[in-house]
**Student:** 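What follows is a structure written as structure tokens; I'll ask about it next.
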Amino acid sequence: MKAVGYQKSLPIEDANALIDFETAKPEPKGRDIRVAVKAISANPVDYKVRKRAAPPEGETKILGYDAAGIVDAVGPDVTLFKAGDEVFYAGSILRQGTNAEFHLVDERIVGRKPKSLSFAQAAALPLTSITAWELLFDRLGAVPGKSLDPRTLLIIGGAGGVGSILIQLARRLTGLTVVATATRPESQKWCLDLGAHAVIDHSQSMKEQIEKLKVPPVALVASLTFTDQHYKAIAEFIAPQGKFGLIDDPPEFTVSAFKGKAVSIHWESMFTRSSFQTPDMIAQHHLLNDVADLLDKGVLRTTLDQTFGTINAANLKRAHALLESGKSRGKIVLEGW
């Protein structure tokens with residue numbers, strides 16, 4: 001089968017940063033299903049792993065976590081899917097990735113593909129939907145239901161992949177006031193179109209902008225990017241006993257900045273359940289099916305922004321480069337071989 005991978009951690013400009021190669025088609029065992037991959041999307045975790053985790057000498061590591069495709073074969077213990085089913089999912093960080101024609105994944109972290117979406121539209125969603133859902137409901141404890149919630153959720157980096165789905169989930173499924181941050185006019189418009197009540201510029205004083213909006217107290221914060229640059233400013237205006245959630249890897253982060261207000265800190269990593277085979281691992285199967293239902297009902301919309309052509313090393317290098325620039329919006333998808 002065709003695949004795209006890397007053998008050494010190299011800058012994306014290097015000719016060998018990502019390479020096309022051929023490898024054996026994997027065989028499903030246990031609860032694994034084998035998926036014929038139709039479309040994938042690129043995420044910041046792809047380039048972070050490429051930069052930090054070189055495979056053993058002589059081996060080629062396949063990146064990619066998001067995928068949409070068709071079940072091709074199933075392991076002996078599979079009960080949730082059968083050959084021919086259309087699925088979407090974000091795979092495990094401990095296994096070979098989705099940038100391959102065929103991919104093995106545990107059925108417990110796979111959902112049915114939304115019927116109303118193409119494979120490309122569906123591939124944009126799994127990793128960011130799981131991250132946003134777990135962050136909003138499991139970590140920050142937001143309450144599903146449209147009853148008025150007298151609090152504001154501030155989303156730092158609202159135009160990125162996770163922000164783009166988090167805005168929608170918070171606005172459509174909760175009674176929170178949703179304020180997103182973005183610096184460029186096109187990104188600010190993107191956030192408003194997705195449902196944010198208001199957008200502020202995180203390159204300016206956020207406290208002053210929040211005060212001018214006269215919104216309810218900022219009791220929940222989802223810090224999706226550059227946490228090290230913003231957390232001290234946020235500590236000044238987050239509500240006492242608020243909750244601060246983050247998903248990035250800040251090089252500097254001092255928890256004591258939040259002590260005086262008894263603010264709780266919550267890390268979100270959507271790979272935790274699959275990496276540790278947690279007893280509630282199947283929650284991601286149910287979560288993705290719920291997201292598919294919401295998409296099919298028109299409550300949520302895909303966050304696909306750009307398609308970069310077929311799945312190959314050249315196109316994936318373009319995707320990595322754009323993600324590394326920090327100027328991407330929504331999701332980048334590649335489709336077909």
Side-chain angles (χ1 to χ4, degrees), residues 131-133 135-137 139-248 250-268 303 326-327 329-330:
T131 301
W133 189 291
L135 180 60
L136 182 62
F137 297 118
R139 312 293 171 239
L140 295 178
V143 181
K146 289 300 291 181
S147 56
L148 183 65
D149 189 324
R151 302 178 295 175
T152 292
L153 166 68
L154 177 65
I155 302 171
I156 309 295
V162 175
S164 295
I165 197 74
L166 181 56
I167 290 171
Q168 296 184 70
L169 290 174
R171 184 65 195 272
R172 307 281 186 268
L173 304 184
T174 79
L176 292 161
T177 297
V178 182
V179 177
T181 80
T183 55
R184 295 176 295 148
E186 59 270 32
S187 298
Q188 293 171 348
K189 181 179 184 301
W190 174 268
C191 292
L192 290 170
D193 289 346
L194 289 171
H197 289 96
V199 181
I200 62 174
D201 183 346
H202 53 246
S203 69
Q204 308 296 321
S205 169
M206 288 191 282
K207 183 180 180 183
E208 290 179 10
Q209 294 173 83
I210 289 284
E211 287 171 350
K212 285 180 182 175
L213 289 175
K214 293 184 167 48
V215 291
V218 177
L220 306 177
V221 174
S223 184
L224 308 180
T225 186
F226 298 117
T227 294
D228 55 310
Q229 296 178 22
H230 302 302
Y231 79 93
K232 290 178 182 175
I234 292 167
E236 292 181 14
F237 64 80
I238 191 171
Q241 303 179 86
K243 295 184 178 183
F244 182 95
L246 65 160
I247 66 169
D248 60 339
E252 186 270 324
F253 183 70
T254 306
V255 177
S256 59
F258 297 96
K259 180 182 178 181
K261 291 182 175 177
V263 168
S264 55
I265 310 300
H266 302 264
W267 288 93
E268 162 56 23
T303 54
K327 294 179 180 177
R329 183 183 65 183

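Numbers here simply count residues along the sequence, with the first being 1. Note that this is a predicted model, so its numbers are computed, not measured.
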**Student:** L176 pairs by side chain to side chain contact (heavy atoms under 4.5 Å, CB included) with which of L140, L153, L148, V143?
**Tutor:** L153
**Student:** Under 30°, 30 to 60°, or over 60°: which ring-plane class applies to F253 and F244, parallel, tilted or perpendicular?
**Tutor:** parallel
**Student:** From Q229 CD over to T227 OG1, what is the distance, rounded to the nearest 0.5 angstrom?
**Tutor:**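 If we round to the nearest 0.5 Å, Q229:CD and T227:OG1 are 9.5 Å apart.
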**Student:** Write down the atom of K207, the atom of E236, and the distance for their closest heavy-atom approach.
**Tutor:**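 Nearest heavy atoms, K207 then E236: CD-OE1, 4.3 Å.
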**Student:** Is the shortest heavy-atom distance from the side chain of I265 to the side chain of L246 under 4.5 Å?
**Tutor:** yes
**Student:** Counting neighbours of CD on Q241 that are heavy atoms of other residues, nucleotides or ligands and sit closer than 6.0 Å, is the number greater than 12?
**Tutor:**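 No, CD of Q241 has 12 or fewer neighbouring heavy atoms, counting only those of other groups under 6.0 Å.
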**Student:** Is a side-chain N or O of R184 found less than 3.5 angstrom from the main chain of K327, in a donor-acceptor match?
**Tutor:** yes
**Student:** So, for L135 and G245, which heavy atoms are closest and what is the spacing to 0.1 Å?
**Tutor:** CD1-CA, 4.0 Å
**Student:** I need the minimum non-hydrogen distance between Q188 and A182, along with the two atoms involved.
**Tutor:** NE2-O, 3.0 Å
**Student:** Do the side chain of T174 and the main chain of P144 share a donor and acceptor less than 3.5 angstrom apart?
**Tutor:**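 The answer is no, because no donor-acceptor pair under 3.5 Å joins these two groups.
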**Student:** Tell me whether K261 contacts the main-chain N or O of I238 through its side chain, where contact means a donor paired with an acceptor under 3.5 Å.
**Tutor:** yes
**Student:** What pair of heavy atoms forms the shortest contact from I165 to A132, and how long is it?
**Tutor:**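 Residues I165 and A132, closest heavy atoms: CG2-CB, 3.3 Å.
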**Student:** W133 and L173: side-chain contact (heavy atoms from CB on, under 4.5 Å), yes or no, with the steps?
**Tutor:** CA-CA 11 Å; W133 189 291; L173 304 184; 4.1 Å; yes
**Student:** On a heavy-atom basis, which atom in S187 and which in A159 lie closest, and how many Å separate them?
**Tutor:**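 Reported closest heavy-atom pair: CB-CB, 3.8 Å.
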**Student:** Nearest 0.5 Å please: distance from the CD1 atom of I247 over to the CZ atom of R139.
**Tutor:** 12.0 Å
**Student:** T181 pairs by side chain to side chain contact (heavy atoms under 4.5 Å, CB included) with which of L154, I155, D201, V199?
**Tutor:**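 Going through the options one by one, the only one that passes is L154.
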**Student:** Do I156 and M206 have side chains that get closer than 4.5 Å, going by heavy atoms?
**Tutor:**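 With C-beta onward as the side chain, the pair touches.
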**Student:** Which pair of heavy atoms, one from S205 and one from Q209, lies closest together, and at what distance?
**Tutor:**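 Of all heavy-atom pairs spanning S205 and Q209, the closest is O-NE2, 3.0 Å.
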**Student:** For residues Y231 and E252, determine if any side-chain heavy atom of one lies less than 4.5 Å from a side-chain heavy atom of the other.
**Tutor:** yes
**Student:** State whether the side chain of H197 and the backbone N or O of V179 hold a donor-acceptor pair below 3.5 Å, judged by distance alone.
**Tutor:** no
**Student:** Please round to the nearest 0.5 Å and tell me the distance separating atom CD1 of I200 and atom CD of E208.
**Tutor:**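 So the CD1 of I200 and the CD of E208 are separated by 11.0 Å.
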**Student:** About how many Å separate OG of S223 and CD of E268, when rounded to the nearest 0.5 Å?
**Tutor:** 13.5 Å
**Student:** For R171, give me all partners under salt bridge (charged side-chain N to carboxylate O under 4.0 Å, His left out), at least two apart in sequence or on another chain.
**Tutor:** none
**Student:** Answer yes or no: is there a donor N or O on one side and an acceptor on the other, between the side chain of T152 and the main chain of P216, under 3.5 Å?
**Tutor:** yes
**Student:** Do any N or O atoms from the side chain of Q168 and from the backbone of L194 form a donor-acceptor pair under 3.5 angstrom?
**Tutor:**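 Answer holds: no.
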